[in-house]
Novice: 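Okay, handing you the structure first.
Scope of the values below: all heavy atoms of this structure, side chains included, with no hydrogens, waters or symmetry mates. Everything numeric here is computed off the predicted structure, so don't read it as measured data.
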Amino acid sequence: MMLTRLLREHDKLRTIGADLAVLVSSSEPCDLDELVQKRCEMTRMVHQHLAYEERQLFRRLRNDPDPASRRAVDDCATGIEQLHVAYKAHVAMWTVKEIAARWPDFQKAVKMLIIGMRMKLDREERELFPLVAETTEVGPRWLPGTRNWAGDGIEIQSAIRRSSAVRDPAPSFIHTTSLKISRQTT
């Protein structure tokens, strides 16, 4: 049951990655609103998956008596963290304004991230999944000291959405000397 869900989630991540690759494959920038939505969908799915994977797979393997299992999960977790850091930097760098200005560079950056994600998924399936039998879920509980992947996902989605506001800024409210508040766009 647990491995079945993890495999389904991996398939979903590969599908979203393929959709994103198609979306950014045109010679001209794609619909940027659609791109923001697809980036948020990817972020949401990745972080939901990481939270589940942490509770169900990584916790189990970190407690395995076999040092090879513990080493394998630690190696994969390090790779996940490196990819996560790269993704956060990617989101910070690639605002909608920057995407529109440097479309070919953005296309390459997205494709590199998708390749990195696929490699991570393949590695987990090859190195970690064989180490656990198809078992029932350990439990949905978050434990102190466990990474808050959901919180990270929410933070990244917010950054993606904020970057899209560059094209259509929200009005700002300023305080004038007459103590009147006026609405101006920036």
Side-chain angles (χ1 to χ4, degrees), residues 2-3 5-25 35-64 66-96 98-99 102-132 138 142-163:
M2 181 249 319
L3 286 177
R5 176 174 169 179
L6 288 170
L7 287 167
R8 272 195 319 262
E9 289 180 357
H10 280 195
D11 289 345
K12 177 71 173 167
L13 289 167
R14 286 183 180 100
T15 299
I16 296 170
D19 292 348
L20 191 55
V22 168
L23 187 61
V24 302
S25 66
L35 179 60
V36 166
Q37 291 305 313
K38 189 55 71 176
R39 290 173 83 194
C40 285
E41 179 185 5
M42 172 65 85
T43 300
R44 185 173 39 258
M45 184 65 210
V46 163
H47 288 85
Q48 286 173 356
H49 172 71
L50 289 172
Y52 180 80
E53 188 172 67
E54 177 72 36
R55 287 189 315 268
Q56 301 301 325
L57 181 64
F58 290 4
R59 184 186 302 168
R60 190 178 307 230
L61 291 174
R62 283 184 180 119
N63 293 325
D64 193 295
D66 182 6
S69 294
R70 294 192 306 271
R71 200 168 31 258
V73 75
D74 288 343
D75 289 347
C76 280
T78 299
I80 289 168
E81 186 61 36
Q82 290 168 346
L83 187 58
H84 187 261
V85 167
Y87 185 62
K88 284 178 74 169
H90 170 91
V91 167
M93 177 179 174
W94 291 107
T95 64
V96 170
E98 196 68 22
I99 291 167
R102 297 179 44 215
W103 180 247
D105 294 330
F106 176 72
Q107 290 174 298
K108 291 174 193 164
V110 167
K111 290 175 183 173
M112 292 303 296
L113 279 174
I114 292 169
I115 289 168
M117 180 189 69
R118 287 179 181 164
M119 290 172 58
K120 179 202 88 61
L121 299 174
D122 292 344
R123 182 178 183 191
E124 287 177 4
E125 291 170 8
R126 185 178 60 252
E127 296 178 16
L128 298 184
F129 289 12
L131 298 175
V132 294
V138 175
W142 175 85
L143 295 176
T146 303
R147 176 74 179 260
N148 182 4
W149 289 110
D152 288 349
I154 291 167
E155 176 186 337
I156 292 172
Q157 287 180 71
S158 294
I160 291 168
R161 287 190 180 100
R162 275 192 311 274
S163 80

Novice: May I ask you to say whether Arg8 pairs ionically with Asp11, meaning some side-chain N is under 4.0 Å from a carboxylate O?
Specialist: no

Novice: Which pair of heavy atoms, one from Gly17 and one from Ile114, lies closest together, and at what distance?
Specialist: O-CD1, 3.2 Å

Novice: State whether Arg71 and Asp64 are salt-bridged, where the test is any N-O pair (Lys NZ or Arg NE/NH1/NH2 against Asp/Glu carboxylate O) under 4.0 Å.
Specialist: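 Looking at Arg71 and Asp64, the cut-off is not met.
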
Novice: Looking at Met119, I'd like to know if its CE atom is crowded, meaning that more than 12 non-hydrogen atoms belonging to other residues, nucleotides or ligands lie closer than 6.0 Å.
Specialist: no

Novice: Just verifying a value: how many Å separate Met42 CE and Thr15 OG1, rounded to the nearest 0.5 Å?
Specialist: 9.5 Å

Novice: Can you sort out the partners of Phe106 under ring-ring contact (aromatic ring centres under 6.0 Å, His included), two or more places apart, ordered by chain and number?
Specialist: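 His90, Trp94, Trp103.
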
Novice: According to side-chain hydrogen bond (donor to acceptor under 3.5 Å, both in side chains), who are the partners of Gln37, at least two apart in sequence or on a separate chain?
Specialist: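 Gln37: no side-chain hydrogen bond (donor to acceptor under 3.5 Å, both in side chains) contacts found.
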
Novice: Could you tell me which non-hydrogen atom of Ala92 sits nearest to which non-hydrogen atom of Thr95, and how far apart they are?
Specialist: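 Where Ala92 meets Thr95 most closely, the heavy atoms are O-CG2, 4.1 Å.
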
Novice: Check Leu131, Asp66, Asp74 against Leu61 for a side-chain contact (heavy atoms from CB on, under 4.5 Å) and give me the one that passes.
Specialist: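 When side-chain contact (heavy atoms from CB on, under 4.5 Å) is applied between Leu61 and each of Leu131, Asp66, Asp74, only Leu131 qualifies.
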
Novice: Please enumerate all residues that pass ring-ring contact (aromatic ring centres under 6.0 Å, His included) together with His49, with sequence neighbours excluded.
Specialist: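 Here the qualifying residues are His10.
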
Novice: If you measure from CZ on Arg39 to CD1 on Ile16, what distance do you get to the nearest 0.5 Å?
Specialist: 14.0 Å

Novice: With Glu54, which of Arg59, Arg60, Arg62 fulfils salt bridge (Lys or Arg N to Asp or Glu O under 4.0 Å)?
Specialist: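 For Glu54, the salt bridge (Lys or Arg N to Asp or Glu O under 4.0 Å) check succeeds only for Arg62.
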
Novice: Are the side chains of Glu124 and Leu6 in contact, using a 4.5 Å heavy-atom criterion?
Specialist: no

Novice: Measure the spacing between NE2 of His47 and CZ of Arg44 and express it to the nearest 0.5 Å.
Specialist: 12.0 Å

Novice: Quick check for you: to the nearest 0.5 Å, what is the distance between Leu83 atom CG and Ile115 atom CD1?
Specialist: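 Atom-to-atom, Leu83:CG and Ile115:CD1 are 11.5 Å apart.
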
Novice: Of all heavy-atom pairs between Arg123 and Cys76, which one has the smallest distance, and what is that distance?
Specialist: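 The pair with the smallest heavy-atom distance is NE-SG, 3.8 Å.
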
Novice: Measuring from atom CE of Met45 to atom CD of Glu9, what distance do you get when rounded to the nearest 0.5 angstrom?
Specialist: 4.0 Å

Novice: If you take all heavy atoms of Leu20 and Lys38, which pair is closest and at what distance?
Specialist: CD1-CG, 3.6 Å

Novice: Minimum heavy-atom separation for Leu35 to Leu23, with atom names?
Specialist: CA-CD2, 3.7 Å

Novice: Going by heavy atoms in the side chains, are Lys12 and Gln48 under 4.5 Å from each other?
Specialist: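 A side-chain contact is absent here, since even the closest heavy-atom pair is not under 4.5 Å.
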
Novice: Rounded at 0.5 Å granularity, tell me how far OH in Tyr87 sits from CD1 in Ile80.
Specialist: 15.5 Å

